[in-house]
Number of protein chains: 2
Amino acid sequence: MLNNQPEADLDLVFQALSDRTRRAIVVRLCGGPASVSELAGPFAMSLPAIVQHLQVLENSGLVSSEKIGRVRTCSIVPATVRLAEGWLGARRTHGERRLDRLQAFLAAEPDSEPQSHEPPPSIPPRSTP
Amino acid sequence: MLNNQPEADLDLVFQALSDRTRRAIVVRLCGGPASVSELAGPFAMSLPAIVQHLQVLENSGLVSSEKIGRVRTCSIVPATVRLAEGWLGARRTHGERRLDRLQAFLAAEPDSEPQSHEPPPSIPPRSTP
DNA sequence: CGAATACTTAAGTATGTGCTTAACAATCAA
DNA sequence: TTGATTGTTAAGCACATACTTAAGTATTCG
């Protein structure tokens, strides 16, 4: 699916990934497309339960599927995996940039003259509706 | 927290990230530590609601906090961000390796002699408890 | 055709999630 | 000490999730 509405998309993607059965399905699909029953095979739960997990995955945009004859074949959507990974990457990058600056700040500490040393905490607040 | 039990950890981490308020808090904390009320500031919801979100984040291992005097200061735990990012990275890597092989397969297709062309779908099943 | 296969739909249930308000600490400052 | 600040705890409510079983619907095969 993917609404192109980043926050809503990330809601759905991370939510989809928060269940280990669904993560296992994603892992399986990264090895190539599979039918619903192939996907259900390894699990102890009922087929409808798996189908519901697949709906969550498809709704999140992590998985797509096509039905041919009586078999539905599911595949991953790598772009969606990248979307989530990208969000986390940005966090890590920003966080680590900040950490680097903080370490530099602490390293150059022995009471040198106060240059543009931004003090570590207290950053301007963000707006969120 | 982090149980060192990868699947359970990922459950908690992805679940924590599946809420946009919590993601906004993570974004904010990537800019540096903050107190509970600083974190609550931008949001329209009650303080206890934010505290509950912080509990989810802390329980997932994405955030740690320490109380000094009457103010609790929260920070991100970059290692946990990396844990989730790493899982997704592994998916992308495997998935794209597979896609590469598939593309190679399709590229070398004009009915050449059947070498060790593994047919694209149908991969050996995985075991999952 | 008739039966097996591969899902699909519907309905129900137990538990979890995301809030709320109200009341209660604990700490700091005048 | 009094009162403001900063957070915590508890209870409750509406809605979402993760299943279940039972009963369908297409499709393909013999």
Side-chain angles (χ1 to χ4, degrees), chain A residues 1 7-26 28-29 33-60 62-75 121-122 125 128-129, chain B residues 1 7-26 28-29 33-60 62-75 121-122 125 128-129:
Chain A
M1 292 248 152
E7 288 302 309
D9 288 350
L10 288 168
D11 282 1
L12 294 174
V13 171
F14 284 127
Q15 230 265 16
L17 292 172
S18 74
D19 182 280
R20 68 188 70 183
T21 300
R22 287 194 293 260
R23 282 199 308 278
I25 291 176
V26 166
R28 169 62 186 79
L29 288 178
S35 73
V36 172
S37 11
E38 277 168 358
L39 291 172
F43 299 101
M45 70 189 71
S46 68
L47 223 200
I50 296 294
V51 170
Q52 284 166 45
H53 282 306
L54 286 171
Q55 282 166 356
V56 172
L57 285 167
E58 195 155 358
N59 201 329
S60 78
L62 279 165
V63 164
S64 70
S65 76
E66 193 194 3
K67 191 164 186 177
I68 295 176
R70 61 185 165 176
V71 35
R72 173 174 301 277
T73 300
C74 305
S75 332
S122 104
T128 311
Chain B
M1 296 242 148
E7 288 303 307
D9 289 349
L10 288 167
D11 282 1
L12 295 174
V13 172
F14 284 128
Q15 230 265 14
L17 292 172
S18 74
D19 183 279
R20 68 186 73 183
T21 300
R22 287 193 295 259
R23 282 199 309 277
I25 290 175
V26 166
R28 169 61 186 78
L29 287 179
S35 73
V36 172
S37 13
E38 278 169 359
L39 291 172
F43 299 102
M45 70 188 72
S46 69
L47 223 200
I50 296 293
V51 169
Q52 284 167 48
H53 282 307
L54 286 172
Q55 282 166 356
V56 171
L57 285 166
E58 195 155 359
N59 201 318
S60 79
L62 279 165
V63 164
S64 69
S65 77
E66 192 194 3
K67 191 166 185 174
I68 296 176
R70 60 184 165 177
V71 34
R72 174 174 299 278
T73 301
C74 306
S75 333
S122 101
T128 311

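In the text below, chain A, chain B and the rest are named by the order of the sequence lines, each starting its count at 1.
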Set out, in order, the CA-CA distance, both residues' side-chain angles and the distance that settles side-chain contact (heavy atoms from CB on, under 4.5 Å) for I50(A) and M45(A), then state yes or no. CA-CA 7 Å; I50(A) 296 294; M45(A) 70 189 71; 3.9 Å; yes
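For S65(A), the side chain to side chain donor-acceptor pair (under 3.5 Å) test picks out E58(A), R72(A), with sequence neighbours left out. By the side chain to side chain contact (heavy atoms under 4.5 Å, CB included) test, V56(B) pairs with A16(B), R22(B), sequence neighbours left out. Residues satisfying the side chain to side chain donor-acceptor pair (under 3.5 Å) test with R23(B), not counting sequence neighbours, are E7(A), D11(A). Applying the side chain to side chain contact (heavy atoms under 4.5 Å, CB included) rule to S46(B) yields the partners P48(B), A49(B); only residues at least two apart in sequence or on another chain are considered. By the side chain to side chain contact (heavy atoms under 4.5 Å, CB included) test, A34(B) is found to be paired with R28(B), L29(B), E38(B), L39(B), residues two or more places apart in sequence or in another chain being considered. Listed by chain and residue number, nothing satisfies the side chain to side chain donor-acceptor pair (under 3.5 Å) test with S18(B) (two or more places apart in sequence, or in another chain).
One interatomic measurement links the two molecules: CD of Q55(A) to P of dA16(D), which rounds to 16 Å at whole-angstrom precision. Atom-to-atom, CZ of R20(A) to C1' of dA18(D) comes out at 13 Å; the value is rounded to the nearest Å. Protein atom CG of L54(A) is 14 Å distant from nucleotide atom C1' of dA18(D), rounded to whole Å. Per the geometry, CG belonging to L57(A) stands 13 Å off P belonging to dT17(D), to the nearest Å. Rounded to whole Å, atom P of dA16(D) lies 13 Å from atom CG of N59(A).
An OP1 or OP2 oxygen of dT8(C) is reached within less than 4.0 angstrom by a side-chain nitrogen or oxygen of K67(A). At least one side-chain nitrogen or oxygen of S35(A) sits closer than 4.0 Å to the OP1 or OP2 atom of dC7(C).
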Scan nucleotides 27-30 of chain D against the protein and return all N/O pairs shorter than 3.5 Å with their distances rounded to 0.1 Å.
from    : atom 1 : to     : atom 2 : distance (Å)
dT27(D) : O2     : R70(A) : NH1    : 3.1

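Across V13(A) and S60(A), no two heavy atoms sit closer than the pair CG2-O, 3.4 Å.
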Contact state string [nucleotides 12-24 of chain C, B base, S sugar-phosphate only, - no protein heavy atom under 4.0 Å]: -----SSBBBB--
